[in-house]
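As the structure is a prediction and not an experimental result, all values here were calculated from the model.
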Amino acid sequence: SSGTQGGRGAGMRCFGASIHGADGQHLAQSLGAVAFPFVCLVNVKSSSSSSGSSRSGGGGNGNGGGGPNYSLEVYLRMQGRKLLHLPPDTLLAYLQTVMNHHGASVAEVEARRLQREEEARLRREQDREYREALEADRAREAERQAEREREERERRQREDEERRAREEKEDALAKAMSLVGDEPPVGTPDTARVRLTLPNGRRIDRRFRADDTLEVVRAFLTVHFHENDVGIVNFSLSTSFPKRTYEDPTITLREGDLVPQAVLMVQDLDS
């Protein structure tokens, strides 16, 4: 019969197989068994390691398959019918003596293996940390680039809005100048004398023709504000007695009962 059982020593495994089976035949050939029963104490090493007396094995499952290669370092070989008469305690003593003799080298090999695994783990950890740091740097750079692009878009938007505001103001001023004509002379028939009271209390007296629209009055104020650097852009016109706000710029002064004279209050709608 064949099987695998846990041995006494740390890291030791016991394997038994029949010579009539495939596993037994393979191991017998690998270990050079010429008589039976056969007992052998070996150290299983990777195929790249070799020291002392060693024989190359097949696959990791001992059947010469396609698994990882290994080599068997022989520590003890006992064979022949004399084993049948060997007391178990004596056999265990042989095994213990060989294990004690080779224990230091086995421990050293194991320590080197653990060191290599630790170094590989550290390299993997360092590689992972490097990749994470690189990804974090790229993410921060992407955020900075996005912020720069956002600021650039906002800057262009502000410039466009300021340009449109200047153009609208220039267009409004040009239109106002085209509407405002010369002030009618004193004594001209069908005129209205209008007093415009500004939010700061200042008064402006101006004559308009009776058929001028309130748009002309508004145009006069727009030009006046521009020429005198008055910061009023949006405004309304109203009278106090009677209380009335003129929202339709197309009505004439005559239609608005502002002839022959009137007082208009100017309210700054942005204040």
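- Open room surrounds CZ on R81; 12 or fewer heavy atoms of other groups in view lie less than 6.0 Å from it.
- Distance alone, capped at 3.5 Å, is enough to place a donor-acceptor pair between the N200 side chain and the R202 backbone.
- Residues T213 and I251 form no side-chain contact, since every pair of their non-hydrogen atoms from C-beta on lies 4.5 Å or further apart.
- Between Q25 and I19, the shortest heavy-atom distance links the atoms CG-O, 2.9 Å.
- Side-chain contact check for V217 versus D212: every heavy-atom pair is 4.5 Å or farther apart.
- Each of R156, Q157, R150 was scored for a side chain to side chain donor-acceptor pair (under 3.5 Å) with E154, with one residue passing: R150.
- For the pair P37/L84, a side-chain contact is recorded, criterion being any heavy-atom separation below 4.5 Å from C-beta on.
- A side-chain donor-acceptor contact under 3.5 Å links T239 to the backbone of P242.
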Step by step, work out the side chain to side chain contact (heavy atoms under 4.5 Å, CB included) result for Q96 and L92. CA-CA 6 Å; Q96 189 62 52; L92 289 176; over 6 Å; no
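- Heavy-atom contacts from other residues, nucleotides or ligands closer than 6.0 Å to CD of E247 number 12 or fewer.
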Might you work through the side chain to side chain contact (heavy atoms under 4.5 Å, CB included) test for R195 and I204, ending with a clear yes or no? CA-CA 6 Å; R195 171 166 290 180; I204 304 173; over 6 Å; no
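- Checked by atom type and distance alone, the side chain of S18 pairs as donor or acceptor with a backbone atom of H20 at under 3.5 Å.
- Between the OG1 atom in T197 and the CG atom in L264 there is a gap of 8.5 Å [rounded to 0.5 Å].
- When all heavy atoms of L196 and L221 are compared, the pair lying nearest together is CD1-CD2, 3.6 Å.
- With contacts defined as side-chain heavy-atom distances shorter than 4.5 Å, the pair V263/S240 does not qualify.
- The CG atom of D268 sits 4.5 Å away from the CD1 atom of I232 when rounded to the nearest 0.5 Å.
- Taking 4.5 Å as the limit, some side-chain heavy atom of F235 sits within range of a side-chain heavy atom of T222.
- The local environment of CZ in R203 is sparse, with at most 12 non-hydrogen atoms from other residues, nucleotides or ligands closer than 6.0 Å.
- Shown here for R206 and G181, the closest heavy-atom pair between the two residues is NH2-O, 3.0 Å.
- Side-chain atoms of Q29 never come within 3.5 Å of backbone atoms of H26 as a donor-acceptor pair (strictly under, hydrogens ignored).
- Under 4.0 Å is where a charged nitrogen must lie from a carboxylate oxygen, and between R218 and E215 no such pair does.
- R112 and Q115 form no side-chain donor-acceptor contact under 3.5 Å, judged by distance and modelled atom types alone.
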Residues D190, R209; criterion salt bridge (charged side-chain N to carboxylate O under 4.0 Å, His left out); working and verdict: CA-CA 6 Å; D190 292 330; R209 301 186 185 280; over 6 Å; no
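- For the atom pair CD (E108) and CZ (R113), the distance works out to 14.0 Å, reported to the nearest 0.5 Å.
- Tracing side-chain contacts under 4.5 Å through hydrophobic residues (I, L, V, M, F, W, Y), one never reaches L179 starting from L214; they form parts of separate clusters.
- The backbone N or O of H224 sits less than 3.5 Å from a side-chain atom of N228, completing a donor-acceptor pair.
- Note: F220 CZ to M177 CE = 12.5 Å, rounded to the nearest 0.5 Å.
- At least one cation-pi condition fails for R77 and F38: the charged atom is not both under 6.0 angstrom from the six-membered ring centre and inside a 45 degree cone around its axis.
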Check the pair E167 / R163 against salt bridge (charged side-chain N to carboxylate O under 4.0 Å, His left out), numbers first and verdict last. CA-CA 6 Å; E167 292 175 351; R163 176 181 52 78; 3.3 Å; yes
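- Crowding of Q261 atom CD: a count of heavy atoms from other residues, nucleotides or ligands under 6.0 Å not exceeding 12.
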What's the verdict on salt bridge (charged side-chain N to carboxylate O under 4.0 Å, His left out) for R155 and E152, showing C-alpha distance, side-chain angles and the deciding distance? CA-CA 5 Å; R155 183 188 64 79; E152 178 63 18; 2.3 Å; yes
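- Within the cation-pi definition used here (under 6.0 Å to the ring centroid, within 45° of the axis), R13 does not qualify as a partner of F15.
- With salt bridges taken as basic N to acidic carboxylate O contacts below 4.0 Å, one links E118 and R121.
- Members clustered with L269: none, using a 4.5 Å side-chain heavy-atom cutoff among hydrophobic residues.
- Taken from CZ in R153 to CG in D160, the straight-line distance is 13.5 Å, to the nearest 0.5 Å.
- When every heavy atom of M78 is checked against every heavy atom of L86, the shortest pair comes out as CE-CD2, 3.6 Å.
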Applying side chain to side chain contact (heavy atoms under 4.5 Å, CB included), run through D211 and L253 and close with a yes or a no. CA-CA 6 Å; D211 292 329; L253 299 180; over 6 Å; no
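- Grouping the Ile, Leu, Val, Met, Phe, Trp and Tyr side chains by contacts below 4.5 angstrom, directly or via other members, places V233 apart from Y246.
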Step-by-step salt bridge (charged side-chain N to carboxylate O under 4.0 Å, His left out) determination, E132 to R128: CA-CA 6 Å; E132 291 178 353; R128 182 185 63 80; 2.5 Å; yes
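- At a cut-off of 3.5 Å, with distance as the only test, no side-chain donor of E141 or Q145 sits close to an acceptor on the other residue.
- Scanning both residues, A210 and V259, for their nearest heavy atoms gives CB-CG2, 3.8 Å.
- Looking at T97, its side chain does come within 3.5 Å of a backbone N or O of A93 through a donor-acceptor pair.
- A side-chain donor-acceptor contact under 3.5 Å links R207 to the backbone of P184.
- Contact of the D205 side chain with the V194 side chain is not registered, since no non-hydrogen atoms from C-beta on lie closer than 4.5 Å.
- By the ring pair (Phe, Tyr, Trp, His ring centres under 6.0 Å) test, H102 is found to be paired with Y75, residues two or more places apart in sequence or in another chain being considered.
- One finds the CE atom of M265 at 11.0 Å from the OG1 atom of T245 (value rounded to the nearest 0.5 Å).
- At least one donor-acceptor pair under 3.5 Å links the side chain of Q79 to the backbone N or O of A35.
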